[in-house]
Amino acid sequence: MQDFEYARERMIEAQIARRGLNDPKLLKAFREVPRETFVESGLEEFAYEDTPLAIGEGQTISQPYIVALMIERARIGSGDVVLEVGTGSGYAAAVLSRIADHVYTIERYCSLGEQARRRFRRLGLGNIATRVDDGTKGWPEAAPFDAILVAAGGPSVPPALKEQLELGGRLIMPVGSEGHQQLVRVTRISAETFEEEDLGGVRFVPLIGEYGWREGYRKPRQIQKPLPELIADAAEPLPDFDDPAFGALFDRFGDRRVILLGEASHGTSEFYRARAAITRRLVERHGFTIVAGEADWPDAAAIDRYVRHRPGRSGEVPFQRFPTWMWRNLEVADFIGWLHGYNVTVSDQRNRVGFYGLDIYNMSGSIAAVLAYLDRTDPEAAKVARERYGCLTPWQNEPSTYGRAVLIEGYDRCEKAVVAQCRELLGRQFDHTGEDGDDLVDAAQNARLIASAERYYRIMYYGGADSWNLRDTHMFETLEQLLHARGPQSKAVVWAHNSHIGDARHTDMGTSRQEVNIGQLCRRRFGDTAALIGFGTHEGEVAAATDWDGDMEVKTVRPSLEDSYERLFHMSRQKRFLLDMPKHPELRQQLLEPRLERFIGVIYRPETERLSHYMYASLPQQFDAFVWFDRTTPVTPLGLVEKHEGVPETYPFGL
Ligand code: SAM
């Protein structure tokens with residue numbers, strides 16, 4: 001049984017209060033409305049997620065924060081009479097009814113209006129009147145209103161609604177086409193004068209009606225040429241990975257300072273092979289000397305010693321911990337072998353290409369240590385920790401985790417001990433790092449790593465956006481350090497997941513969760529000299545686990561969802577291609593409107609795919625280019641190796 005009260009409190013604290021909406025009246029109102037009774041049956045466990053949810057008729061219940069924001073910006077007071085256009089599930093009206101004197105709410109769909117009416121009745125909310133009609137005309141008999149909230153985006157503010165505002169009344173409404181709306185506040189200053197303010201970008205379903213959009217308004221935009229055909233026209237087919245023409249397609253990015261290569265999962269062979277082919281070209285033809293991955297520093301350092309022909313360390317076998325297949329796979333081993341061979345041809349040691357790990361210092365090692373400790377001392381807390389680590393990705397919504405965490409008192413008590421474990425582990429690792437005198441990780445860098453790592457482990461233990469931001473900021477700063485250390489002419493290729501390298505501002509991560517990432521920080525720091533290249537697939541198989549610390553499985557990747565970018569690319573009927581966004585302004589324009597995009601990490605849960613693996617994004621703003629493989633296959637993992645005394649002959653992977 002889920003603990004909804006706890007989930008509600010957590011939502012109020014994390015999604016509303018912490019984002020600056022602190023009015024006690026507002027928070028109390030959210031506390032009084034059981035949001036789980038306003039979502040479709042079966043979706044209750046997701047009711048307190050930081051996201052809108054489907055409610056039928058193609059409509060949504062708004063994200064809690066947006067409901068709070070609109071109420072707060074409308075400055076609703078206790079004696080107010082309020083009109084809401086767009087009843088939807090009825091949730092916003094219910095919250096409003098806990099603050100205002102009376103709420104009038106209009107919905108155009110009969111099924112939704114009736115359902116909301118039943119919910120109000122069941123919850124005893126007697127001060128709400130519901131009507132099924134076109135809300136763009138307002139509710140003249142009940143006017144004037146102290147405030148009007150419009151929960152759907154229209155082309156402009158309907159004149160009838162302005163007319164029905166009381167003097168001093170406030171109207172809040174998203175204005176603009178779907179995906180490009182601005183939230184505006186209109187205040188009635190006098191009978192004829194209205195003041196309009198812009199409250200920032202938002203995304204709502206369309207307001208359909210006499211003074212809204214026409215029904216099916218999206219269709220005219222697609223009449224000229226269907227989007228999949230435009231994609232097919234723009235798609236540049238990808239040759240075989242081993243064909244030099246593959247890498248040559250990416251020569252256009254050769255003069256950039258930083259090229260970020262993404263992936264839509266951590267276990268897809270094609271993504272690794274493509275990145276290897278592109279990186280080979282960038283190294284050979286364009287002077288890139290840094291290859292930096294979403295990997296632990298000490299493990300990557302072992303690979304770096306190998307590829308740069310520096311002495312290995314005794315017993316060193318990198319990437320032995322979960323998720324082993326992410327770097328310990330045949331595709332990476334091939335690339336590492338190539339890099340090792342390439343560096344032989346570079347006579348000046350200083351110009352050899354290095355391989356580095358950007359991640360917070362030794363993240364998987366520390367997680368493994370935390371789990372081992374909890375397994376020994378508090379197995380229940382270990383279970384919770386495993387679930388949390390499974391949700392370390394911003395697109396993964398596993399709300400049951402929070403509920404379960406409260407049941408376990410020991411969780412809080414373990415914090416000090418696990419952080420101490422991590423600290424000790426870090427201390428040991430760093431003592432070791434100094435030995436070979438490679439000066440990239442000097443004492444100051446060590447101190448920086450330890451400082452942010454410790455804070456990270458604490459935040460990570462409890463989850464949340466803070467840990468993501470700390471991690472990505474850390475990765476970005478490490479990249480900056482590497483570029484600095486290798487000199488002003490140095491250039492870097494980064495291999496990391498799409499969620500790290502696509503500009504977060506143009507995804508749900510940025511728009512609704514205040515999360516930043518490496519791609520966004522690179523754009524800010526390097527401007528046009530950074531290239532952000534995303535990767536994607538429609539279906540196939542992927543190497544992934546079901547839970548954190550679980551075994552690698554080969555899982556079937558479900559065909560992409562209908563409203564997703566992936567489905568559009570699939571419908572282009574092109575099997576593998578590069579899409580260079582700025583080269584195709586018309587297509588870019590048409591792709592701007594946010595759609596679903598799929599993110600698979602080390603964990604894949606097809607059974608809850610929509611909630612666990614999709615978020616909204618504006619792909620052409622997120623990436624400069626996109627690499628597509630319609631059907632993909634899993635990486636081939638390398639076996640694990642017992643730790644040897646002495647360096648194994650087949651260093652670095654112990655093949
Ligand atoms: N406030 C709602 C809630 O808390 O669940 C969410 C509203 S949903 C984002 C927008 C709603 O506006 C949809 O249910 C849609 O059918 C409705 N809508 C769109 N155009 C409308 C119109 N002209 N009149 C009334 N409702 C409209």
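Just follow the structure's listing: the first ligand is 1, and inside any ligand the first atom is 1.
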*Around atom 19 (C) of ligand 1, find the nearest protein heavy atom and jot down its residue, atom name and distance.*
P206 O, 3.5 Å

*Contact check: D134 vs ligand 1, nitrogen or oxygen atoms, below 3.5 angstrom*: yes

*Quick check: does I208 get an N/O under 3.5 Å from an N/O on ligand 1?*
yes

*Looking only at distances, please establish whether an N/O atom of ligand 1 is found under 3.5 Å from an N/O atom of A92.*
yes

*Just jot down the ligand 1 atoms closer than 4.0 angstrom to any heavy atom of T87, in number order.*
1 (N), 2 (C), 3 (C), 5 (O)

_Protein contact of atom 15 (C) of ligand 1 - nearest heavy atom, named by residue and atom, plus distance_ = Q59 OE1, 3.2 Å

*Does NZ or CZ of R35 fall inside the cone over Y91's six-membered ring, less than 6.0 Å from its centre and within 45° of the axis?*
yes

_Give the atom numbers and elements of ligand 1 that come within less than 4.0 Å of a heavy atom of G135._
22 (C), 23 (N), 24 (N), 25 (C)

_Both conditions, 6.0 Å and 45 degrees, for the charged tip of R595 above the ring of Y565: are they met here?_
yes

*Where does the angle between the aromatic ring planes of H538 and H570 fall among parallel (under 30°), tilted (30 to 60°) and perpendicular (over 60°)?*
parallel

*Ignoring angles and geometry beyond distance, decide whether G86 reaches within less than 3.5 Å of ligand 1 through its nitrogen or oxygen atoms.*
yes

*Can you tell me which residue and heavy atom of the protein come closest to atom 16 (O) of ligand 1, and the distance to 0.1 Å?*
E107 OE2, 2.6 Å

*Ring centres of Y604 and H613 under 6.0 Å apart?*
yes

*T136 heavy atoms, cut-off 4.0 Å: which ligand 1 atoms fall inside?*
23 (N)

_Geometric cation-pi criterion, R203 with Y616: 6.0 Å, 45°_ = yes

_A116 versus G90, closest heavy-atom pair with distance_ = CB-CA, 4.0 Å

*Which protein non-hydrogen atom lies closest to atom 1 (N) of ligand 1, naming both residue and atom, and how far is it?*
E84 OE2, 2.9 Å

*asked:* Angle between ring planes, W468 versus H500, binned at 30° and 60°: parallel, tilted or perpendicular?
replied: parallel

*Got the closest protein heavy atom to atom 25 (C) of ligand 1, with its distance?*
R108 N, 3.3 Å

*Closest protein heavy atom (residue, atom, distance) for atom 9 (C) of ligand 1*: A151 O, 3.3 Å

